Amino acid sequence: MVTVTLPDGSSRQVPTGTSVLAFAQEALPARLVRKALAARLDGRLVDLTASIDGDVTLQLVTPDDPGALELYRHSTAHLLAAAVTALYPGVQCGIGPATDDGFFYDFVVPKPFVPEDLERIEAKMRELAAADLPYAREMWPRDEALEFFARRGEPLKVQLIEEKTAGQTEVSCYTIKDRDTFVDFCVGPHVPSTGRLKAFKLLSTSNAYWKGDARNQPMQRIYGTAFFRQEELDQYLHRLEEAKKRDHRRIGRDLGLFTFHPWAPGAAFWLGKGTTLYNALADYMRKVLYPAGYTEVKTPLIFNKALWETSGHWQHYRDNMFLVESDDAEMGVKSMNCPGHMLLFASERRSYRDLPLRLHEQTPLHRNEASGVLGGLTRVRQFSQDDAHCFVMESQIGEEVARVLELVKRVYDDFGLTYQVKLSTRPDEYLGEKATWDHAEAELKRALEAAGMAYTINEGDGAFYGPKIDFDVTDAIGRTWQCATIQLDYQLPERFDLTYVGPDNQPHRPVVIHRAIYGSFERFIALLIEHYAGAFPLWLAPIQVAVLPIADRHLEYARRVVGDLEAAGLRVELDDRLEKIGYKIREAQLQKIPYMLVVGDREASEGTVSVRSRTGGDLGSRPIAEFVRTALDEVALRGRSAAAGSGQTESRR
RNA sequence: GCCGGCGUAGCUCAGUCGGUAGAGCAGCUGAUUCGUAAUCAGCAGGUCACCAGUUCAAGUCUGGUCGCCGGCUCCA
């Protein structure tokens, strides 16, 4: 007999080898058992068919268990594999994990899947689900399993078993018994039977490589998603639609922000309105950084290869650099600002009294990214960062990182953005002393804790030259974008032999903190466009106010209104076309201009404007000066105002 | 870079079996002077991404190049 302890603390004795399901049916409410997908024995996820072989705590896993969805999706991936195996004889299966949004499964097939294949496969999956076939777990002798998969022509599975179960005598396999039995090597667990899988959909196909390595066997990946309830699946699909509507590439064109040309792949043309937005972000960042003690600088765009050899880019990053020749010298267009800033630091004798020295730069960078990775503004070959390097003494690291954290918080609050913080620690391959790393990581942790920032740790994900803190911004529809980064660097000061004179009159090595808050202007603008669905809050809107005269006898007054607004520093556009007011309003609305001022006989005689807001409709008339005042107040609030959320409320309708 | 898909007017798209290219919106011109999401009429707009090839004939078939899209890998 063994003792089973339940979550409520009660316990029972059962014979050794009793299955979880048999125990649950005996000891737990039928309603709970019906909902159960799997179980946790001592916290470890197992199938309901697992046997209880020792004293354990037992908890049934129902859909509200945090691990339930992953298991459910993974089970759906198995269903997909079973369907594909049934429909395409000779197919080889790779792996089929759950992902954040669903699942995928990789296959080796002679011909890539087309959309019609997906329909067929999905239909087969529904058929198998309707048949409610059990997911049976069987422990096979390892030799037998190896032989079985070898005989079935699945060398990838053989390889997996060899790698994952070295030293074991038995391996776990799952079967779905249909006309042809589908067998997969997998640790599980899975839902008890295919009938439990209700709301799933196959979404797309793509190419992938065995183990994600392009030198390995190419495979065809099928992506899908699954939820416990149809309603949740529908919501997810709706969110995909919504995301498509918010695509910054589309909105960027519709709103006249930027464009691309085949002759400059990966480099945007910023149109008038886009440039206004870009500049608004650049100026805002300058206003934030200047009082924080940063000095804006501009360093060369093209450097002799000697610089890149010194920084290490020539050895490690050359493939991603644009190279040019000048006289007989080989030159590289800069892909990062840091090496230039090292030279700038070294251009004068530095005292400890000069530290921290904070250099901020917004000039363009070029990276010759592989053609296949380019896309919209999120991945480009030419971009600018709100980059800065803080040169500090070892003892100033904690304080300086704390200041940067403060800045990040302030900036994201101004945009009304929420974020999550990740601390990435020493990777397997690293430069420098372990003790230095430990110290640096401790400093970063302390700064995060002092700032009251919750963070998660990404073990081993730091840069090879130092640990880092990354910020993932969450947008209006729940997607995350990696933006800000703070990285400690002990290596570059070493490579450039940077020193400052300390209080002891001796040379010392500074530490560099690389940091960016937007990340890159390009990617941040893409984020903002999709976050607001193009409806920028007033302070960012390229055109803040449209003045719409009713008839051309009102043009003179309209021009006066425009003049007053421009004098107050607002970005205004006059629609002086001979069109009906409804037409002008529609256009301004589609351009997502925050305020429309309708002016006709009434307004001209009273010195007022009729205010229409993008989100609130007709707000009635008021004196020009009053409108200017409230508009300026709203601008000053930036994204902290309630109105800044207008982009989101609007999109929900 | 790799795999797959796509490329027709500024945009969204149609174009049958290979037989000399079409719509809506946008644009231009004219008329309309109008009160909170589209006034009417007319006109113009194309090397069917590009380069070869097959064919009496190519937007359509074949090959190559470029670009875009979805992934892989990578990344701000």
Side-chain angles (χ1 to χ4, degrees), chain A residues 104 106 109 111-115 203-223 244 247 249-250 253-254 256 259-266 317 319-320 335-337 364-387 463 470-471 481-485 487 514-527 546 548-555 577-591 596-603 610-614 616-621:
Chain A
F104 65 79
D106 291 342
V109 277
K111 258 196 237 165
F113 296 113
V114 295
L203 297 172
S204 59
T205 60
S206 75
N207 169 257
Y209 296 93
W210 176 238
K211 295 185 167 178
D213 189 330
R215 289 166 303 192
N216 288 343
Q217 167 127 41
M219 303 184 77
Q220 290 300 314
R221 176 170 297 181
I222 297 182
Y223 284 94
K244 210 183 271 176
D247 192 319
R249 292 168 291 203
R250 173 180 207 90
R253 191 183 55 223
D254 290 349
T259 188
F260 285 89
H261 189 279
W263 290 352
Y317 204 72
D319 288 349
N320 275 310
S335 55
M336 297 179 190
N337 289 310
L365 304 175
H366 290 78
R367 298 184 186 173
N368 196 2
E369 303 284 359
S371 59
V373 307
L374 300 176
L377 289 177
T378 54
R379 197 68 186 276
V380 285
R381 285 185 175 150
Q382 181 191 317
F383 60 99
S384 297
Q385 297 179 316
D386 59 324
D387 200 6
D470 290 321
F471 292 74
W481 304 61
Q482 217 236 283
C483 294
T485 181
Q487 308 183 358
H514 305 250
R515 38 109 299 163
I517 301 179
Y518 294 150
S520 77
F521 284 86
E522 281 72 7
R523 185 175 287 180
F524 196 70
I525 288 173
L527 154 68
L548 314 178
I550 301 264
D552 55 11
R553 67 174 175 279
H554 308 121
L555 266 176
R577 294 174 300 177
L578 186 52
E579 292 290 350
K580 288 165 70 170
I581 196 67
Y583 181 85
K584 294 181 181 181
I585 285 171
R586 179 182 153 80
E587 298 246 306
Q589 197 75 45
L590 289 175
Q591 285 295 303
M596 290 150 262
L597 303 182
V598 176
V599 295
D601 291 331
R602 269 201 313 272
E603 291 76 12
S610 256
V611 182
R612 182 189 162 96
S613 104
R614 175 178 65 194
D618 192 349
L619 301 181
S621 67

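Everything numeric here is computed off the predicted structure, so don't read it as measured data. All chains are named by letter (A, B, ...) in the order of the sequence lines, taking the proteins before the strands, and each is independently numbered beginning at 1.
Looking at heavy-atom distances under 4.0 Å, A:Arg367 makes contact with a base. Among the atoms of the strands shown, base atoms are found under 4.0 Å from some heavy atom of A:Ile585. Nucleic acid contact for A:Asp601: base, since at least one base atom lies under 4.0 Å from a heavy atom of the residue. Across all strands, A:Phe524 comes closer than 4.0 Å to no nucleic acid atom at all (heavy-atom distances). Residue A:Ser384 is out of contact with every strand shown, counting any heavy-atom pair closer than 4.0 Å. Among the protein residues, A:Gly376 comes within range of the sugar-phosphate backbone only, with heavy atoms under 4.0 Å from sugar or phosphate atoms but none that close to a base. Among the heavy atoms of the strands lying under 4.0 Å from A:Glu369 is at least one base atom, whether or not backbone atoms are also near.
Distance CZ/A:Arg253 to CG/A:Asp247: 9.5 Å, rounded to 0.5 Å. Here the CE atom belonging to A:Met596 is positioned 12.5 Å from the CZ atom belonging to A:Arg586, to the nearest 0.5 angstrom. Rounding to the nearest 0.5 Å places CZ of A:Phe524 at 13.5 Å from CG of A:Leu377.
The distance from atom CD of A:Gln220 to atom P of B:C3 is 11 Å, rounded to the nearest whole Å. Note: CD (A:Glu587) to C1' (B:C25) measures 11 Å, nearest angstrom. Rounded to whole angstrom, the span from the CZ atom of A:Arg586 across to the P atom of B:G35 amounts to 19 Å. One can place CG of A:Leu578 at 15 Å from C1' of B:C28, the figure rounded to the nearest angstrom. Distance, A:Glu603 CD to B:G35 P: 12 Å, rounded to whole Å. To the nearest angstrom, P of B:U73 lies 17 Å from CG of A:Leu374. Look at CG on A:Leu590: it is 10 Å from P on B:A38, rounded to the nearest Å. Protein atom CD of A:Glu579 is 15 Å distant from nucleotide atom P of B:A37, rounded to whole Å.
Position along RNA chain B of the nearest nucleotide to A:Asp247 versus A:Gly582 favours A:Gly582 as the more 5'-ward residue. Closest-nucleotide positions on RNA chain B for A:Asp618 and A:Gln382 were compared, and the one nearer the 5' end corresponds to A:Asp618.
Here the separation of B:A38 from B:C25, taken at their P atoms, is 14 Å to the nearest Å. Only the P atoms considered, B:G64 is 11 Å distant from B:C3, to the nearest whole Å. If you take atom P in B:C75 and the same atom in B:A58, they sit 49 Å apart, rounded to whole Å. Comparing B:U36 with B:C28, their C1' atoms sit 28 Å apart, to the nearest whole Å. Nucleotides B:C51 and B:A14 place their P atoms 24 Å apart, quoted to the nearest Å. On the C1' atoms, B:A57 is 16 Å away from B:A21, given to the nearest whole Å. Separating the P atom of B:G35 from that of B:C40 is a span of 16 Å, rounded to the nearest Å. A distance of about 16 Å separates the P atoms of B:A44 and B:G30, rounded to the whole Å.
At a cut-off of 3.5 angstrom, counting only N and O atoms as typed in the model, there is no donor on one side facing an acceptor on the other between the side-chain of A:Arg249 and the base of B:C69.
Here the side chain of A:Lys584 pairs a donor or acceptor atom with the backbone of A:Arg577 at under 3.5 angstrom.
The partner of B:U39 is B:A31, judged by Watson-Crick or G-U wobble contacts that both fall below 3.5 Å. For B:A14, there is no paired nucleotide, since no Watson-Crick or G-U wobble pair has both relevant distances below 3.5 Å. If you check B:G4 for Watson-Crick or wobble pairing at under 3.5 angstrom, you find it paired to B:C69.
Across A:Phe383 and A:Ser520, no two heavy atoms sit closer than the pair CD1-CB, 3.7 Å. The shortest non-hydrogen separation linking A:Cys483 to A:Leu527 is SG-CD2, 3.8 Å.
Phosphate contact (OP1/OP2 of B:G35, side-chain N/O of A:Arg612, threshold under 4.0 Å): absent. The side chain of A:Arg379 contributes no N or O atom lying less than 4.0 Å from OP1 or OP2 of B:C74. Not one side-chain nitrogen or oxygen of A:Tyr583 sits closer than 4.0 Å to the OP1 or OP2 atom of B:G35. Residue A:Arg253 has a polar side-chain atom (N or O) positioned under 4.0 Å from OP1 or OP2 of B:U12.
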